[in-house]
Amino acid sequence: MDRLPPDLQHVSPHSWLSEELKQSYEERIARKGFFELYVSKLAMQKMINHSKMLGREEREAMGFMLGDICRHESHGFVMVRDIVTGDLLSSCDSVRFDHGNLQGLFKELDASGFDYVIVGWYHSHPGFGCFMSKTDMKTQSTLFSERFHSAIVIDPVREEIMAFRLRGKRCAPLDFSVYWHELETPYRGKKIMRRSRVLRRDRR
Ligand SMILES: [Zn+2]
């Protein structure tokens, strides 16, 4: 969809960014003034809460990020508006959806209530830092290989966060911004539209 990226009064760096990433964020603002990835405060809070909750049991959290693929003039960007998750089989260093019980996830997807695109995924590394493991890379390159797909990794114990995107064969860190709009709910009053339960590849 054609829309303006959030203005600079309504964006901020995540407080869990490392000093190096904070600097990269500021440089990006100075150089370009916009980002390729914006995450709503609401979606961010849900991801953090989920990661903290399972982190207390020394388990990883995971879910999908839902949002819009946007463009304004020559600038393409993604806005994450909400997240969904389901029953997880997770331990301290691995996580996957419980394939025997995907109903919860599908129910959440159906209930999400806006015309969403799955724009990526998030998961947590409780206590061992933010990076893309070999397994994570495989997940990224098989399920999230579109240009608009990104991954967010959260360490709720060290309080660290990073975003990644596939660049060629590797996953590179991606500067992102948290955004909010006082008047905007994640659903913007849109009527409920159900989408097919597959990762959508037909919209750029
Ligand atoms: Zn991982």
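We count ligands from 1, going down the list as the structure has it; atoms in each ligand are counted the same way. In this text the structure is predicted, and so the values were computed from the model without any measurement.
- Although no hydrogens or angles enter the test, the distance criterion places no donor-acceptor pair under 3.5 Å between the side chain of S177 and the main chain of P13.
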Note to self: Pair E36, R167 - check salt bridge (charged side-chain N to carboxylate O under 4.0 Å, His left out), show working.
What the structure shows: CA-CA 14 Å; E36 287 173 67; R167 302 258 190 245; 3.8 Å; yes
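- Ring pair F77/F34: centre-to-centre distance not below 6.0 Å.
- Each protein N, O or S atom less than 2.8 Å from the Zn ion (ligand 1) was counted, giving 4.
- Checking Y179 against S40 by side-chain atom types alone, no donor-acceptor pair falls below 3.5 Å.
- D136 and S133 are linked by a side-chain donor-acceptor pair at a separation below 3.5 angstrom, with hydrogens and angles left out of the test.
- Under the side chain to side chain contact (heavy atoms under 4.5 Å, CB included) criterion, R56 pairs with K52, M53, sequence neighbours left out.
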